[in-house]
Amino acid sequence: MVTDVEISPREAEVLELVGAHLSNAEIAARLCISVRTVESHVSSLLRKLEVPDRRALAQRAPEPTGAGPSHPAPVLPAPLTSFIGRMNERAELTEMIKAHRQVTAVGPGGVGKTRLALAAAAEAAGEYSDGVWFVDLVPVTDPGMIATAVAGAFGLGEQPGRDMTESVVAALADRHALLVLDNCEHVVDGVALFLERLLATCPRLTVLATSRARLMVPFERVYPVPPLSLTVDGESDAVALFMERAAAVGWPLDPPLRDQIAAICARLDGMALAIELAAARYPTLGLDGITAALSHPLRMLTGGSRADERHRSVRGALDWSHALLEPADRALLRRVSVFVAPFTVAAAAEVAGSEEGIVAEGLARLAEQSLLVVTASPGGTEYRALETIRQYATERLAEAGELVDARSRHLRWCLAKAAGLAVARQDWRARFDLVADDLRAALVWAAEQPEQRADAYDLARRLAELTFTRNLIGESQGRYEQAAALATDPAATASMLRQAAAVAGCRMNGDDMDRLHRAAADAARRSGDTAGAARDLATAAANAYRFSGKFVRKLPQQEAIALITQARELAGDDPDAQAAVALAEAGRALTEIGAAQGLDDNAVPVTIERAERAVELAHRTGDPLAESAALDTLTCAQSWAGDTFAAADTARRRITLLSSTPDTPAGTHELIEALGEVTEASLGTGDLPGARRWARRLADHPLLAEVGHRATGWLLVADAFAGNLDEVRAGSVRFLDAWQRAGAPARSILGPPAAAVATIHGLCDDQDARREWSAVLNQLDPSPGNTYGYGAIFDAMLLLHRGQAPQALERLAPEPGEVWQWVTWIWLHWYVALRAEAAVLAGSPGARDRVAEARTVVAGNPVATAIVERAQALLDNDQERLLATVDAFDTAGCRYQSLRTLVLAGGDHAGRGAAALADLGFAPMAPAATPMMTSER
């Protein structure tokens, strides 16, 4: 427990949730703050409580007290009215959800399934350490959007590389929670598929669903929800509900009237919705009037099974309630039924085709009759109809012959909202979330109406853009593809498919990128745009080279060559097409260099020449994204050539080019890749402040919020080189949590951050944590890059700290030319500089030659140069020159190496350096890590 430490109230909240084993993303969602803010609090807590990692931090969290809840409060909607009766049913359903993993409360519309499910969920909340969560599926008109609705309730986002269902399943895999899915009947097939995956993968998750029919999934237990009791031991839940609702509107009823009320409830078969509607009429009709009003419609509702009568009793109650409305209010009720989400007076007026003042009065009257529910929201008063009433009103809309007209006005309203959102800046996310379900519902309808195809295309395109901005990138890709299918012009189809391909790139789905670019080429050919088709085919080939790590199916070399050949034939003299072909050809040449050693001496210069030609042609087109892609290829070619500084200059040039491009899918895809590349370039040239700056932008990019391992990787490397212990510890929590939630994929690009974190734990002498991270590293990347490249560099740093210079020298034994594939680009300068220092400290006979060779290689790199200068000073026993490197390291932002230099200097300097290292959290440097006199000195 925490004692004698000053922590802020917000830090206390974060600490408690860390103790509950929530991830940073979950804490952010729970406290409504950013993941970055959570990371800052965790870092501060690690420092204040003087603990090395999150595991130790969780142990310092306060124990739950009896005064407060030990489980998260249930995330359930607050009912506007009290829950009446159903003691037995609530107890039975509560026991069922405790005993079974999936329970479906079934019954006809209006029987009270939702209220009973909410009551049972609240009753069982204490059983679930990760809380109770509620999702209303009424607004979901597309079965494919069920996972999106669930993700929204949990505050989850989509993980690039996975669809939304996979992202939700991964996020909930270890949750001990109760999920309530309400109103499943209209998307029952989609719910069934979703739940089968969810329940098979999330063993501690329980699902309570409400539906008019069972879901027919494994694990399902069905609880038939009965009507309210008419008489049980002299008491009646139905009568109690009627009396309570009548009293709520200011008309309490006397007990002697119970028999008359019971007769009304019996006519309504104990159906909760029907009773509530009848009670709402009591102030204007009285009991006699209600009885008379019910008599006529219910006379026609005889015969059939009891279940059918229950359905009919609700319809009968709706019929008479509807019949008692003024004609204008009837029209308003049926017209607003097109809204699937809560709506405002202004929205209702536009869709109803009436003045706002008249509509406001009508909505108020409908709410007074319990036909609409009123809620307050940040945007003002909102209205919604219970699903049973909405469906009834929609049927009436069709019967009146107004369905097409009302839905068309709703569609126009949605198009206007989407257009407004496209240019909005303030409160954008909240404004989108308020109307998103209506946009989707309007699109579902319009897509099936041939006469609405143009508007459907426009709405699909708008929704694709909006969902991309909202980081719903899986939906965005699907909407772009939907827009492509709705477009009547093949050129528009090609454009939408290209956008979809760019989104697929952001999702790390190379196979979809390839499929969509080829489809775009076909559409371009149909439109007569052969140059556009050439660009698409060349881009498909270039992407296979540039983003090979995003592909499941690796594009065979011959297939890529065939794409380039076909593109070249179609390109003609079109500048854009020629630039795309040149990029693909440069990418092919570059891949051949990296594939094997032993190429002729001319291979690298020729490849650089081709890449420079691609850049020149792309620049002529005036398209910054095309030029960025070409610069990417040139950067890689320069890095293979060992020209680290030229590669870094090109990477920075690419970032400058992209700094003013719009946030389109293609632009975002390029920017994310460019930020990673410029961070790597800065690390390779020893620009640690620059590397941290670019890496922070990458880590904070909203599109990477759900893939923290990708977001924070290079920032961890930069902080590890700089010796920023707190930052590495805090960032490693997000990295590890996100990687595990992503299914612990083996990705070589994730190896360097894992090696960096393992080394930092080693430098702090936390052997348990180092072993844990070493295991993660071996799982991530068993490749030669780990063995001979970055892995050797980080191991050598740790060995030198421990005074094991001979072992460090052995770890770096291969000549750089022997392992060039794994030490070019980022790692070459670090490799040769540390190798030179290890040779000096190990007393190697060839130390002086290695230092001289290293100085030539690393010239211009401030950190690597300072390491080499330190090695030279140690070799020459030059104290003044040695201490000069302290300032060099500090200027370069490398505090760890600065303090290490003081320790190596000996005497009073060593004492100051050792104390400062200890204050930062580093373990003492081993005595053997001091300079040893050699014959060469």
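In this structure, Thr104 contributes its side chain and Leu215 its backbone to no donor-acceptor pair below 3.5 Å. A donor-acceptor distance shorter than 3.5 angstrom exists from the side chain of Thr210 to the backbone of Asn183, with no hydrogens or angles considered. Using a distance-only test at 3.5 Å, with no hydrogens or angles considered, a donor-acceptor pair links the side chain of Lys113 to the main chain of Pro108.
A side-chain N or O of Tyr392 and one of Arg396 form a donor-acceptor pair less than 3.5 Å apart. Between the side chains of Glu395 and Gln391, not a single donor N or O lies within less than 3.5 Å of an accepting N or O. Judged purely by distance below 3.5 Å, without hydrogens or angles, the side chains of Ser408 and Gln452 pair a donor atom with an acceptor atom. If you check the side chains of Glu244 and Ser82, you find a donor sitting under 3.5 Å from an acceptor.
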Using the ring-ring contact (aromatic ring centres under 6.0 Å, His included) rule, take Trp413 and Phe339 through it: C-alpha gap first, then chi angles, then the decisive distance, then the call.
-> CA-CA 11 Å; Trp413 177 82; Phe339 289 102; 5.4 Å; yes
Salt bridge (charged side-chain N to carboxylate O under 4.0 Å, His left out) assessment of Arg334 paired with Glu399 | CA-CA 10 Å; Arg334 61 180 181 257; Glu399 291 171 4; over 6 Å; no
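Between Arg335 and Ala352 the shortest heavy-atom distance is NH1-O, 3.5 Å.
Rounding to the nearest 0.5 angstrom, the gap separating the CG atom in Leu287 from the CZ atom in Phe242 is 5.5 Å.
Using a 4.5 Å heavy-atom threshold, the side chains of Val135 and Leu179 count as touching.
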